[in-house]
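Note sheet for the following structure.
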Amino acid sequence: MKATAKAHTNIALIKYWGKRNDRLILPTNSSLSVTLDRFYTVTTVDFDKERTEDVFYLNGELAPEKETKKVSTYLNKVREFAGVELFASVFSENHVPTAAGFASSASGYAALSAASTKAIGLNLTPRELSQFARIGSGSACRSIYGGYVEWQMGEKNDGSDSYAVPLLDGKEFPIAVLSVMVNASEKKVLSREGMKRTVETSPFYQGWLESAEKELVEMKHALTLRDFTRLGTIAEKNALKMHATTLGADPPFLYWQSGTLQVMDAVENLRSKGLEAYFTIDAGPNVKVLCQPSDVEKITAQLKEVPSVQHIYPCQPGPGVTYLDGVHIADVNNRGDLDG
Ligand code: 2P0
């Protein structure tokens, strides 16, 4: 009982920042992302009746106990749902540079959910798979699909209406995302802890919720119009608001470092010179710069001059989950409503 799946990372243009249910990973706001072509995880899950416990190999090596425990806890949910009691060997290859500021949890849990549910014999729809990925890590539910994707927060307590829907194929609205790595020390507050602290203590959190809802509608409109200027402007504003909530938390925290500010400043300078670029930042110091594909070379050359910049990875919209046999599971007939 074996299956292999490949899933890519995604970058949120409207951020997911806060949970209303920690166990089921139900968010307090809907989010919108673009799946990227460059960074991905390939995972094989093999359920075997000879095994007496789960084993987890990460990049060819036996993973630390803590990581194996996380995978095993996730597989327990899959086993429980399938009514199967077999243990598994899990082999994961993570093609996500650890310091690139991309959460490998998105591609990791998307690949793990796809491989494990297929290996155990569940024949899930993409929507059900998105829900399974979500209970591993919230942002993973968006990586089930390629291109532009919305994670609809849902309202129900059991999470049955909280899943991702594909909005637009990447080819229908090509953009570039430059992943800009800066000199940085380790991040101090993990996103899971950071969002929890913000929800519980930040007086700015209510403001975040109100504007995220509005910005999601505006972002979907920008996608409908294929309006890059709107897309970039809204993404940048949304990221700034997400980070503003952390300054109001108790104790306060900030993911930006001095190198982060240098890149933010450089992006603003590019714009003032007529080169259109926008930034977005996740729960770490690195910056993702959004630009038009035709401007990648010029903008990369300028950003390389910024002293804090260590490396720039150009990315573009990428595909959803695929199995090793190349079967695409993204359900294009089941798209979300861009104007809804
Ligand atoms: C996002 N982030 O929308 C936001 C923006 C970070 C900042 O999703 O606790 O690893 O596993 O659900 O998905 C990172 O958090 O958190 C994230 P869990 P996850 O991409």
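Here the structure is a predicted model, which means the values were calculated and not measured. Both ligands and their constituent atoms are indexed starting at 1 by order of listing.
Of the possible donor and acceptor atoms, one in the side chain of S113 sits under 3.5 Å from a partner among the backbone N and O of Y109. Between the Q131 side chain and the S160 main chain, a donor and an acceptor come within less than 3.5 Å of each other. Remark: side-chain polar atoms of D161 are paired, donor with acceptor, to backbone N or O of K156 under 3.5 angstrom. Remark: side-chain polar atoms of R127 are not paired, donor with acceptor, to backbone N or O of V165 under 3.5 angstrom. R134 places a side-chain N or O within donor-acceptor distance of the main-chain N or O of G159, the cut-off being under 3.5 Å.
Annotation: ring pair (Phe, Tyr, Trp, His ring centres under 6.0 Å) contacts of F279 (sequence neighbours excluded): none. Qualifying side-chain hydrogen bond (donor to acceptor under 3.5 Å, both in side chains) partners for E200, counting only residues two or more places apart in sequence or in other chains: K196.
Annotation for ligand 1: atoms under 4.0 Å from non-hydrogen atoms of K15 are 3 (O), 5 (C). The ligand atoms of ligand 1 that sit less than 4.0 angstrom from a heavy atom of S105 are 10 (O). Heavy-atom proximity to A12, at under 4.0 Å, picks out these atoms of ligand 1: 1 (C), 3 (O), 20 (O). Ligand-side atoms of ligand 1 in range of M195: 15 (O), 16 (O), range being under 4.0 angstrom from any heavy atom. Atoms of ligand 1 lying under 4.0 Å from any heavy atom of K19, numbered from 1 in the order shown and given with element: 9 (O), 12 (O), 18 (P).
Contacts between K196 and ligand 1 below 4.0 angstrom, taking non-hydrogen atoms only, are absent altogether.
An N or O contact shorter than 3.5 Å links G138 to ligand 1 by distance. Residue-to-ligand polar distances keep W17 apart from ligand 1: every N/O pair is separated by 3.5 Å or more. Residue S137 has at least one nitrogen or oxygen atom sitting less than 3.5 Å from a nitrogen or oxygen atom of ligand 1, judged on distance alone. In terms of N/O distances under 3.5 Å, ligand 1 is approached by R142.
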Report task. Given side chain to side chain contact (heavy atoms under 4.5 Å, CB included), test N29 with L216 step by step and report yes or no. Result -> CA-CA 9 Å; N29 68 284; L216 178 81; over 6 Å; no
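Distances from ligand 1 to the non-hydrogen atoms of R134 include no value under 4.0 Å. Between S31 and ligand 1 there is no heavy-atom distance shorter than 4.0 Å.
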